[in-house]
Engineer: 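First, the structure itself, so that you have it in front of you.
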Amino acid sequence: MPWKYPKGLSLLLALASAVLVLAPAQAQTPEVTAKVAVEKFELDNGMKFLLVKKPELSTVTAGWVAHVGSSNERPGITGLTHLFEHMMFKGTKTIGTKNITRDLQIIDEQEKLQEQIREIYEEQRARWRRGEIADPFAPAGRTPEQLELEKKFQALVDEQRSLMIKDEFSKQYTQAGGTGLNAFTNQDMTVYFISVPANKVELWFWLEADRLANLVLREFYSERDVVTEERRLRTESTPTGRQDEQFEAMFWNSHPYKWPVIGWPSDLKVISKAQAEDYYNTFYSPNNVTAVLVGNFDPAQVKSLAQKYFGSIPRGRKAPPPVVTLELPQVAEKRLKAECDCQPEVEVRYHTVGFGHKDSFAMDLLGALLSGRTGRLTKSLVNEKKIATHAGAGAEAQKWAGYFSFDAEPKGDATPEQLEQAWYGELKKVIDEPIPAEELQKIKNQIAGAAYRKLVSPFGLLVQLLISDGLGDWEAVNTDTARLLAVTADDIKRVAKTYLTPENRAVKVFTRRAGTAADPLAQDLAGIPDEMRPMIQAQLTKIKGLTDQAKIEQSLAQIAAGKGQAPADQKPVIELMEKALKARLAELKAAPPAQGGQH
Amino acid sequence: MKLRYLSVLAAAVLAFPALAAAPAPGIPPRPEQLVFPPFKFEVPKADPFKFKLANGATAYVSEDHSLPLVNISITFKVGAFLEPVEKVGLAGFTGALMRKGGAGARTAEDFDERADFLAAAVYAGIGDTSASVSLNALTFSLNPSLDLLFDMLTAPRFQQDRLDIEKGSTIEGLKQRNDSPQSIAGREWQWLLNGSKHFSSRPLTKTNVEKISREDLITFHKRFLRPENIVTLAISGDVNTKEILAELNRRFAAWKPDGKAEPIAWPPPAPDFQIKPGVYHVEKDINQGNVMIGHLTTTWKNPDHYALVLMNHILGSGGFTSRITKKIRSDEGLAYSAGSSFGLGTWWPGVFRAGFQTKSATVAFGAKLALAEIRRIQEQPVTDDELQVAKNAMIESFPRAWESKAAIVGTFAADDLVGRSHSYWEEYQKNLAKVTVADIQRVAKQYLKPDQVVFLVVGKWSEIEPGDPEKRANMKEFFGGQVTHLPVRDPLSLEPLP
């Protein structure tokens, strides 16, 4: 691949050429940018292909992006895009069953039972609204009728399993030496990928065209349970999962980015197979898909395989609808304060611009100026003021809208609020003071370096092309570097001033929930002999439960009086008790009156 | 032809196979009928890449001129195993501060600015049993970037204020050790399998961190980060082999062995610990249980390891085609991630671990299913098809590991560290191919011990213990209902909390 040097390297080159011994001839090469050579074609049905040939490889890494994400959902079916991604691995009319006729009959019988269960849930929700039950979906609260329906459903599942070839789709790839079979869903797109040995590229065409055209929504309801577990794993049992979800829901006023990709739990409980089919018919048409292949293949052969396998899939009946809701401009600051089992943290987030916006490049450079080992925030908050363990900022340009955010974690006694104020100080400096030329050049040198580094991994290249296409323009992979290098210091100051305003921000402050912090007494406990520890611990637990301040003060007075006479080996124990009592007393004194402690 | 026609009302028509998509002309009805051209692959031989530096160190060099980038990595037989017992964490801090504490004529601030200006990625790290320094640089600025690499290696300044910052951040990190169930489970698992005394599992505490001084770092660096302790260099990218070797020789000439190196006991010592099978639990108020079930295994030097990795591929590491994943995730929808790993140790036995996360009520049921799969692979032969899938998966994907020049020299360098002959790789595919169905059952019987497992669960015991409402399993079914409730630990000291 012919690569040339980006503009940003000019100063770097000037500096380095004095000491260059290894490639002196190359130093004279004129500028331009690192580019990936992409061959592009489109089938009659509207499906697009991007090819990057890498003959030195022994594999083909391939994938496709469906232009559908959670922002294409609506309340009631949140989480469906992601659930659908899971369904794409469950087989087709050919793959995954020994008897497609009976399999499809079973699926329809299952669907009728699920429809009745959904009706029960409708009643359960009504009972919940009237306050008759605490949780409409509690397993223990299922009606006898529902249990009966579930039993019938399970019998159908058992019959279906006897006909199934379990996870055959995955097996087809695995036994062919395919690696890294996976997919992801975000707000804007759904992406599927795999790497296969170079001689087996036709297998990719066979399996992918089959699942795009002949999918069967088999095991839809057990997969819905898997997704519910995924939600527990990623959102509900993580230190900040639920709080972060709430921040997202708060940050967006009107835009569908509000709801989580994994979906609201109450929607996941009642999403139907019919809704999934409707979604598939709307968004999984070839005209809504772009495929990318990176690796060792013959482009002419790949073109004919594309025509042969995907060419016969009909174009969708109507064009997939775009997301039309625009984010309502924010008019007042928003603030979320949460307590969690987590390290204290602050984030200040602003509404900015989406992918490809002319200001998005200056926003990226602003992020680079502030972040990283020698970024302004690390230098100021971490190294000089020593109030943070981490501080950074960056732009996130999504397909329909974007944001810029600052985030930091305090160190020692520093508070999230202190970091928030320090951020406003740094922001003011960007807006009010000149940005030194050398500092800007440093950032641009790094952008130039990144322009090469991002071409190193075939999988990385595949994902960049798929994501860029999913966001709206795959050519950004080749044009971004030049647009980033063209940003000026004035551009950076202008976007900071325009977008990063108080009424346009949302602030998230996390503090550690009382009782989950490191226990200062535990350090002292380390010095107590092993055999005494259980007794001491029992005592400490008792002390933590004390509520009578007068009684504690009395105990402390007794200890103070008797301490002098205690034998030397008991002194550490007595001192520990004293410390624990004092700590508890301070806690009680600091506690707000019983009525006023709500958040 | 998509599901457009499929609805509850239209179900009857679907009984007619005529409506199933007919393949386009030339497309075989089943993927098995595809015919693939042969693909020739030979494992690269090490010799063409192998060179000796003037100081005696081995260097593997592989040229790749497709991008103006150069990788250089230097590995040492140095690690936490060389730390004094009272200085837990010293090796890690030494590595971190080599990079972060300034070097040569540059303060930490200057060093960082220079590296960023050159767009060079400079790295130093000291792990349990190896240490490495490395550089990823643009060809144009290779030489000034090499200055940074060699300054960092030979003349680190270990600036006090940067050490203080690093210690502070480390302590903030320690505070988070109880926040996620995975972090609690990982720590306790290590201790249950290898004890808490071995250098690979002994706990880093606030007290340990506070004890480490700048002098300690200087001493550790001086004693161990020496040219005598280099195992290999791995170099790849936009270099000319002759020129880069000459350049490295020139630089190493100023950093010579001085005859004062102390002998390093190699390989590092193995843990001395007896595991105690049983159910262990750590309380955490979450709606999901994190489960790990397993025991110790063997090392990669054991010739049974080919059969063992294939056995585990079938049992739980082959993604959706493996038994535990199929059963727990795909059949029952109990977990998002479920599977097993069969770790082969380098110098001492590795760890076999089956694991999953599921809602509290189905922890016991999930565990019952996982243990049943372990017993089934011992009691019944796997099918020919299962073994063939596992073999193909590993044999056919093997060339991918040799795709990049950096991977080739990296593999050879790693061989030298662990004492593995390069010919191991030449025979690898053949050795996998030789494994039989009988071998799989034999190694499953010999190496899996479902009755002597450590069974660790992190979660809310009051919801986990009774099991599921369908009464498919409860926690009383394991080890006669005996359970050791491990204490919740103070995150800074790791002492049990009252």
Side-chain angles (χ1 to χ4, degrees), chain A residues 13 16 19 21-23 57-59 93 101 104 108 111 139-140 166-167 170-172 174-175 177 179 197 199-200 202-203 206 213-214 222 225-226 229-230 232-233 236-237 239 277 280-281 308 312 341-343 373-374 389 411 442 445-446 449 452 455 518-519 522-523 525-526 537 540-541, chain B residues 1-4 6 8 11 14-15 20-21 24 26 31 34 36-37 39 67 69 112-113 116-117 119 138-144 168-169 172 175-176 179-181 243 286-288 319-321 326 329-330 333 335-336 357 389 392-393 396-397 399-400 403 469 490-493 495 497-498:
Chain A
L13 281 171
V19 276
V21 293
L22 297 178
L57 302 183
S58 56
T59 52
K93 289 174 189 153
T101 310
L104 290 172
D108 279 320
E111 197 51 25
K166 204 62 186 161
D167 292 306
S170 160
K171 182 182 160 189
Q172 289 290 344
T174 306
Q175 69 186 3
T179 54
N199 58 331
K200 293 181 178 164
E202 188 169 358
L203 180 67
W206 200 105
N214 303 312
S222 71
D225 293 344
V226 170
E229 286 297 343
E230 189 179 353
R232 285 193 187 97
L233 176 74
E236 293 167 12
S237 70
E277 280 159 15
Y280 180 62
N281 291 330
K308 176 171 159 187
S312 60
D341 296 0
C342 62
Q343 198 64 357
R373 207 192 279 271
T374 61
T389 55
K411 177 180 170 182
K442 173 185 77 185
N445 286 348
Q446 292 189 300
Y452 295 114
L455 305 182
D519 189 335
Q523 290 289 322
L525 205 56
Q537 276 177 7
L540 292 175
T541 309
Chain B
M1 220 36 68
K2 303 205 294 186
L3 292 174
R4 204 158 281 141
L6 217 165
V8 180
L14 281 161
L34 293 169
F36 303 118
F39 185 77
L67 292 167
L69 293 167
D112 289 347
E113 286 289 350
D116 275 3
F117 194 84
L138 290 156
T139 315
F140 332 115
S141 58
L142 178 59
N143 248 2
S169 313
E172 293 302 326
K175 288 183 188 168
Q176 301 171 39
D179 293 350
S180 85
E243 285 171 6
I286 45 176
N287 63 7
Q288 214 180 29
F320 287 108
T321 57
K326 251 187 220 176
R329 168 168 170 161
S330 187
Y336 173 68
Q357 298 94 26
V389 170
N392 284 356
E396 296 282 310
S397 63
R400 187 168 193 247
E403 252 182 4
D490 173 71
L492 287 177
S493 66
E495 289 294 330
L497 281 174

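Here is how names work: the chains are called A, B, and so on, in the same order as the sequence lines, proteins then strands, and each is numbered from 1. What you see is a predicted model, and the numbers here were worked out from it, not measured in a lab.
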Engineer: Roughly how far apart are A:Lys411 NZ and B:Lys175 NZ, rounded to 0.5 Å?
Structural biologist: 10.0 Å
Engineer: Given heavy-atom pairs under 4.5 angstrom as the criterion, report whether the side chain, backbone, both or neither of A:Thr59 touches chain B.
Structural biologist: both
Engineer: Kindly write out the residues that satisfy side chain to side chain contact (heavy atoms under 4.5 Å, CB included) with B:Lys326, not counting sequence neighbours, or none if the list is empty.
Structural biologist: A:Lys166, A:Asp167
Engineer: Could you tell me if the side chain of B:Phe36 sits less than 4.5 Å from the side chain of A:Leu203, heavy atoms only?
Structural biologist: yes
Engineer: Measuring only between side-chain heavy atoms, which start at C-beta, is B:Pro31 closer than 4.5 Å to A:Trp206?
Structural biologist: yes
Engineer: Count the heavy-atom pairs under 4.5 Å between each of B:Asp116, B:Asn392, B:Leu69, B:Asn287 and chain A, then report the option with the highest count.
Structural biologist: B:Asp116
Engineer: Roughly how far, to the nearest 0.5 Å, is the CD atom of A:Gln172 from the OG1 atom of B:Thr321?
Structural biologist: 11.5 Å
Engineer: Distance from A:Gln343 atom CD to B:Gln176 atom CD, nearest 0.5 Å?
Structural biologist: 4.0 Å
Engineer: Scan side-chain atoms only and decide if A:Glu236 and B:Gln288 contain a donor-acceptor pair under the 3.5 Å cut-off.
Structural biologist: no
Engineer: Under a plain distance cut-off of 3.5 Å, with no hydrogens placed, do B:Gln357 and A:Glu229 share a side-chain donor-acceptor pair?
Structural biologist: no
Engineer: Could you state the interatomic distance from CZ (A:Arg232) to OH (B:Tyr336), rounded to the nearest 0.5 Å?
Structural biologist: 15.0 Å
Engineer: Treating A:Asn445 as the side-chain partner and B:Phe117 as the backbone partner, does any N or O pair qualify as donor plus acceptor under 3.5 Å?
Structural biologist: yes
Engineer: Let me confirm one number: the CZ-CG distance from A:Arg373 to B:Asp112, rounded to the nearest 0.5 Å.
Structural biologist: 5.5 Å
Engineer: Pick from A:Ser222, A:Ser58, A:Ser170, A:Pro139: which one has the most heavy-atom pairs with chain B under 4.5 Å?
Structural biologist: A:Ser58
